[in-house]
Amino acid sequence: MTTASPVSADTASVPISTDPGGGVMGDRFRALTLGIVSVVLVIAFEATAVNTAMPVAAGELDGFGLYAFAFSGYFTTTLFALVVSGQWCDRSGPLRPLFTGIAVFGAGLLVAGAAPGMWIFVGGRALQGLGGGLVIVALYVVVGRAYPERLRPSVFAAFSAAWVLPSIVGPLVSGAVTQHLGWRWVFLAVPALILLPLAVMGPALRRSEKEQPLLKGAAFDRRRTGLAAMAAVGAGLLQYAGQRLDLPGLLPAAVGAALLLPAVLGLLPAGTLRAGRGLPTVILLRGVAAGAFFAAEAFIPLMMRTERGLSPTLAGLTLTSGGLSWALGSWIQGRPGAERHRTLMIRGGFVLTAVAIAGAALVLVPAVPAWVAAVAWGVGGIGMGLAVASISVLMMKLSTPEDAGANSASLQVSDALGNVLLMGLAGVLFGALGGGSVAAVHDGATGAGSTGAFGVIFGVMAGVALLGALVSGRVRKAA
C-alpha cells in the first residue's frame, strides 16, 4: 500500500496474531489450515482442468481468435475484485468476501459450461475471475490475521502443496471427461466440489474471527474502487483492440491505455513501475513472474495438440510436472535457514522459469521428443515455487499490521496485471503470426502453420523472466 493511496482508513483492524506455539497442523491451526487448503484445492483443480479442456472448447466454439482472451478475461475482472476484496476484508473481515467469492466463482463455471458461443464462454470466465479475486485476497488476509510470522512460510508452502493432487489428477480427469463426455462437463461438474470448502472452512474461520476481532469499520475508498474499475475496463479495451488488429481497433486501444496507466499508478505502491527498492520491487516481480509463466503455460496444451498431435489428456499432462515441482520449490523456501537467502531464491527462481519456457519451445523441433516439454515445465515449477512463495513472504515481512490487507491486494493486483498484459500480448502475437491456422487442425492433426507463432510467444516470455531475474536484487531495501 502507498501512503497516498490506502485501501481503506481502517486497515489497522487487521492485527497480526501472536505466536501461540505449535505448527500449522497443530491443535490451534489444524482446522483453519485444512479449510484454506481445501479452497485452494478447488481453485487448483479448476485451473488444471481448464488448461486441458481449453483447446477442445475453443475448437468446438469456433473461438481460436479469442483463445488468449478466455484466459486474460479471467484476470481482467480479477483486477477489480482484488481491490474490492481488500477493502471489504479491512472493513468487515475476510469471511464475507471469501464465501461470496466462492459462490460467484461457481456461477462462472456454470455459465462457461453452458455457453453457446465463445463470447459467452469468455463472459463465464470473467465471472470466475470476479469470484477468484474476492477469494484470493481474503485468503491472504486470513493468513496475516490468524498465523504468526514464523508460520506464514509454511502456510504459503501449503498453498503450493494443494496444487499437487490436482496437477496429477486434473489433466487425467479433465482429459477423460473431455474425450468421452464433452468439455462442458469439465466446467459443470466442478461447482459440486465447492461444497467441501464451505463445510470445512466455515466453523474454523468464525472461530478465528472471534479471536481476532476488527477494531473499527470504515467506508469503502471510492477513489480506489474507481481506479480498479478503470484498470479493468482499460485492460479489457486493450485486449479487444489486440484481437481486432485493424485500424478501427486503434480507438479502443488508445482509450484503454488512457484508462489503464493512471489506474495502475494509483493502485500499486509508489515506485512499483520503476522497480523502487523494497516493497515496490516485490510487488512488481509478482506480476512479472505470473505473467511470463502463465502466458506460456496457456499455450502449451494447444501447442502439444496442434504441433505434436497429442490427445487432450496427454497434452494436459504435460503441465503436471510443473504443479508437482512448484510445491517442491515452495517447500524448499519454507525450510529452516532459508530466510537469509530470500533474494537468491527469487533470482534463481526467475532464471529457472526462463530456462523452462525456452526448453518447452524445443518441442517445436520435430526431432525433439514431446516429453521434453514436461521435463522443462518441471524445472519451471521449481523456479515459480521458489520465487512466488518468497515474494509472498517478503511482502508480509515488509508490511505493517495496518497495511496487511492493502499490500495483499496490491500483490494480487500486480499478479492479475501481469497475466492480463502478457497474456494479451501473447494473444496479439499469436493472431498476428498465423496462430489462427490452428483452427484447421484442432481435432488433433498436426500442422506447421502456427509453429512460428508459438516460438515467438515462448521466446518473449523467456526474455521477460530473465528481466525479472535482473531486477530481483532490488527487493532489498537500500542500506
*Between Phe105 and Leu130, does a side chain to side chain contact (heavy atoms under 4.5 Å, CB included) hold up when you go through it step by step?*
CA-CA 7 Å; Phe105 185 81; Leu130 194 64; over 6 Å; no
_side chain to side chain contact (heavy atoms under 4.5 Å, CB included) between Val363 and Glu307, intermediate numbers included_ = CA-CA 8 Å; Val363 301; Glu307 302 301 312; over 6 Å; no
*asked:* Would Val393 and Arg342 count as a side chain to side chain contact (heavy atoms under 4.5 Å, CB included) here? Give the steps.
replied: CA-CA 9 Å; Val393 171; Arg342 285 286 168 214; 3.8 Å; yes
*asked:* Working note: Phe294 + Phe71, criterion ring-ring contact (aromatic ring centres under 6.0 Å, His included); need CA distance, chi angles, decisive distance, verdict.
replied: CA-CA 9 Å; Phe294 289 116; Phe71 290 97; 9.8 Å; no
*side chain to side chain contact (heavy atoms under 4.5 Å, CB included) assessment of Leu302 paired with Phe430*: CA-CA 12 Å; Leu302 184 61; Phe430 191 64; 3.8 Å; yes
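In this structure, CD1 on Ile300 lies 5.5 Å from CG on Leu319, to the nearest 0.5 angstrom. To the nearest 0.5 Å, atoms CE (Met303) and CG (Leu310) are separated by 9.5 Å. With rounding to the nearest 0.5 angstrom, the CD atom of Gln333 is 6.0 Å from the CE atom of Met345. Taking CZ of Phe187 as the reference point, atom OG of Ser174 lies at 8.0 Å (rounded to 0.5 Å). Put simply, OG1 on Thr306 and CZ on Phe299 are 10.5 Å apart, with the number rounded to the nearest 0.5 Å.
Every residue two or more places apart in sequence or in another chain that forms a side chain to side chain contact (heavy atoms under 4.5 Å, CB included) with Thr353 is listed here: Phe293, Ile357, Met384, Ala465. Here Ala231 pairs with Leu79, Leu260, Ala263, Leu267 under the side chain to side chain contact (heavy atoms under 4.5 Å, CB included) rule; sequence neighbours left out. Legend: residues meeting side chain to side chain donor-acceptor pair (under 3.5 Å) with Thr281, ordered by chain and number and at least two apart, are absent.
Side-chain N or O atoms of Arg347 include none that pairs as donor or acceptor with a backbone N or O of Ser472 at under 3.5 Å.
Across all their heavy atoms, Gly291 and Met461 have their closest contact at O-SD, 4.4 Å. In this structure, Leu422 and Val288 approach most closely via the heavy-atom pair CD1-O, 4.4 Å. Taking all atoms of both residues into account, the shortest heavy-atom contact from Gly359 to Ala376 is C-CB, 3.7 Å. Closest approach of Arg125 and Ala70 over heavy atoms only: NE-O, 3.0 Å. In terms of heavy-atom proximity, Met230 sits nearest to Leu259 at CE-O, 3.5 Å. The heavy-atom pair separating Arg308 from Ala370 by the smallest distance is NH2-N, 3.9 Å.
Using a 4.5 Å heavy-atom threshold, the side chains of Trp183 and Thr52 count as separate. Counting only heavy atoms from C-beta outward, the side chains of Thr320 and Leu172 never approach each other to under 4.5 Å. The side-chain heavy atoms of Ser321 and Val375, taken from C-beta on, include no pair separated by under 4.5 Å. Counting heavy atoms from C-beta on, the side chains of Val39 and Leu139 come closer than 4.5 Å. With a 4.5 Å cut-off on side-chain heavy atoms, Leu134 and Trp88 count as touching. Residues Thr77 and Leu127 form no side-chain contact, since every pair of their non-hydrogen atoms from C-beta on lies 4.5 Å or further apart. Annotation: side chain of Leu273 is in contact with side chain of Val264 (closest heavy-atom distance under 4.5 Å).
Just one of Asp415, Asn419, Val413 meets the side chain to side chain contact (heavy atoms under 4.5 Å, CB included) condition when paired with Leu417; it is Val413.
In the model, Ser414 has no side-chain atom that pairs as donor or acceptor with a side-chain atom of Arg286 under 3.5 Å.
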